[in-house]
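Notes follow once the structure below has been shown.
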Amino acid sequence: MKTQRRMRGSRGRSGRLDALAVVERCLRTMLPKKAPLPAEDVDWIAANLLDSMAHTEVLACIEQASGFPGLFEGLPGGPPRSTKAALKVLEAASSKRARNQMPGAVPGRSDAGSLVCIAGWGHSVGSELVPAAAVEKAHSLPVDTILRRAGIETVARAAHDENELDLAARAAAAALDRAGAKAPQVKCLVVTTETFVGLPSLGYALHRRLQLREDCGILDVGGACAGLVNALFVGSSVLRSSAAGTALIVTADLHRQALRPGQVDGRFAGLFGDGASAFFLRRVEPGNNGSHYCPGEFFLGCTSSSPHLISVNPDGQGGVQLEFNGDALGRAAVRQLDALLHQLESRSGCPLESASSFATHQPNPRLLEMLARQSGIPMERFPVVCRSFGNLGSSTAGVALSLALEQNSLRAHQHPGPIFVAALGPGLVLGGCVLTCGGPAPVGPGAEPKTGTR
Amino acid sequence: MGGGAVWVNARDAGRSICGCEFRFVRFHWRYDRWRVELHLRAGEILGSLPIVDRDWNDFLDEAVRLAGSQTPQERVRSFLNGSVAAAIWKDERRFVRIGLARPNPQGGCWLMLDSLFPLPSRNWLAELAGGPRVS
């Protein structure tokens with residue numbers, strides 16, 4: 001059978017795919033080595049060229065190579081069984097995409113197939129690093145309470161003229177700079193904090209400080225130490241469900257003011273530092289995410305087994321009233337974070353051992369070490385935030401994620417392993433997601449199949 | 001590049017079926033049938049095996065019927081990879097039997113999921129009908 005060939009524009013020149021080349025390349029992967037390519041109208045299955053499994057593989061290959069996931073799902077009459085039929089569907093999708101990319105096209109809802117990726121990141125911590133001994137003294141704690149028992153060496157404290165807004169603005173500027181973006185490009189601002197009290201919200205103040213556009217929406221979300229995951233979830237959902245193509249996610253926490261010595265139990269207050277983190281999210285077409293990390297499926301939950309381990313409420317006199325059971329809270333936190341990581345592993349299909357980093361909440365270094373032991377994860381995969389900066393609230397996981405992204409951007413691997421993000425807050429409320437880089441989830445060490453895959 | 005289906009050379013296939021422990025499973029719908037991605041305890045990842053287990057296929061058919069929306073597969077996929085995958089993951093008896101199809105024209109035998117344990121419980125389907133979550 002003689003193969004018919006047609007010339008079409010290349011992706012680089014006209015934005016359209018060389019559809020025939022894609023179909024034939026994929027078909028070739030399932031045909032015997034020396035078999036000729038069939039004519040375009042030959043039914044692959046009726047002609048005994050492909051069985052049903054091979055047919056599925058060819059279609060999946062075309063979807064991946066063309067960047068149209070799900071292209072052949074749900075078609076009336078079923079998926080195509082010939083080169084001609086596949087070309088027809090592929091060219092229709094290419095034309096639709098080209099039309100949507102034309103200048104002046106009105107943006108609509110996000111395409112279900114598009115990805116959200118982290119294009120920029122940054123963090124900022126209080127400018128003063130206070131040694132543990134000084135923290136212990138300020139809170140009238142026995143010597144070594146912070147250093148030995150908790151493992152915190154220094155705590156990052158904001159200067160007296162710094163506040164959440166200053167920390168947030170610095171982190172946001174770093175994230176925008178890393179992404180090569182400017183403030184007017186931000187279409188949605190998502191902010192989380194566990195310390196800012198007052199209205200207008202911190203989101204409003206940051207919007208003003210960064211001079212974002214008037215049509216850039218603001219979403220202030222809660223979650224305390226789990227706030228980063230909530231904010232990432234909200235930001236990703238906005239990009240997947242609206243016309244917005246970018247979102248800026250910011251965490252900022254200033255404990256210096258909220259947990260002043262003498263007002264709150266120093267065994268608790270002494271653990272906390274001040275910091276902020278920011279992430280610039282951008283929607284991209286599949287295949288165009290390059291080396292950027294993309295959040296996959298999120299897991300958000302709430303466990304009712306530990307409701308009384310911690311509560312922080314206004315005391316009616318300008319301070320806070322704290323109730324906590326430190327040892328039980330620590331054990332519950334480790335147990336829940338470990339379960340959350342395994343839940344994420346199960347849902348994402350990414351083995352824990354394949355991960356490049358774990359950006360988790362870190363109450364203190366001792367609990368982080370316990371988590372690493374319990375989960376069987378080497379400590380070097382946790383970018384350690386709490387040892388030098390203390391517990392930064394919602395920004396702990398944020399700063400850890402910023403450090404993880406920075407480390408991975410410097411690695412030689414084109415597609416470093418996934419990053420697991422997991423955090424929990426009082427309640428316990430918990431949330432996490434797995435970020436993968438540059439396409440399908442990588443497999444773990446030793447996962448090379450003995451069998452073949454096509 | 002493709003859908004992740006797995007095959008062995010017919011000449012290397014010493015037996016037509018084998019059993020393995022697995023760490024976790026992920027379900028997906030591809031064109032015409034449900035398939036699974038399996039992470040074996042030994043570390044191998046089998047990207048896409050078609051489900052030919054009758055118990056599971058009956059369960060999946062019923063799940064799709066109960067899902068009842070315009071895109072039932074999407075709702076069922078989310079149900080399977082959420083609550084059902086978690087229930088499987090909690091079960092210590094996770095085990096699969098993997099079978100080989102007859103050799104195809106290229107001399108390879110596709111791998112199929114013959115059995116997946118634990119077997120599905122019809123009680124799990126209550127979640128799709130608005131009942132309690134799989135626990």
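Residue numbers begin at 1 in each chain, while the letters A, B, ... track the order of the sequences.
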Subject >> Beyond-backbone contact of A:Thr56 with B:Arg33, side-chain heavy atoms, under 4.5 angstrom >> reply: no
Original post:
Would you say B:Arg23 and A:Glu345 make side-chain contact, with heavy atoms under 4.5 Å?
Top reply: yes
Original post:
Distance from A:Met53 atom CE to B:Cys109 atom SG, nearest 0.5 Å?
Top reply: 11.5 Å
Subject >> Side chain / backbone / both / neither for A:Leu59 at chain B, heavy atoms under 4.5 Å >> reply: both
Subject >> A:Pro32, part contacting chain B, at a heavy-atom distance under 4.5 Å >> reply: both
Original post:
Would a 4.5 Å heavy-atom cut-off, applied to side chains only, mark A:His55 and B:Tyr31 as touching?
Top reply: no
Original post:
Should the pair A:Glu73-B:Arg77 be classified as a salt bridge under the 4.0 Å nitrogen-to-oxygen rule?
Top reply: no
**OP:** Please look at A:Ala54 and chain B and tell me whether the side chain, the backbone, both or neither of the residue comes under 4.5 angstrom of a heavy atom of that chain.
**Re:** both
Original post:
Do other residues, nucleotides or ligands put more than 12 heavy atoms under 6.0 Å from A:Phe233 CZ?
Top reply: no
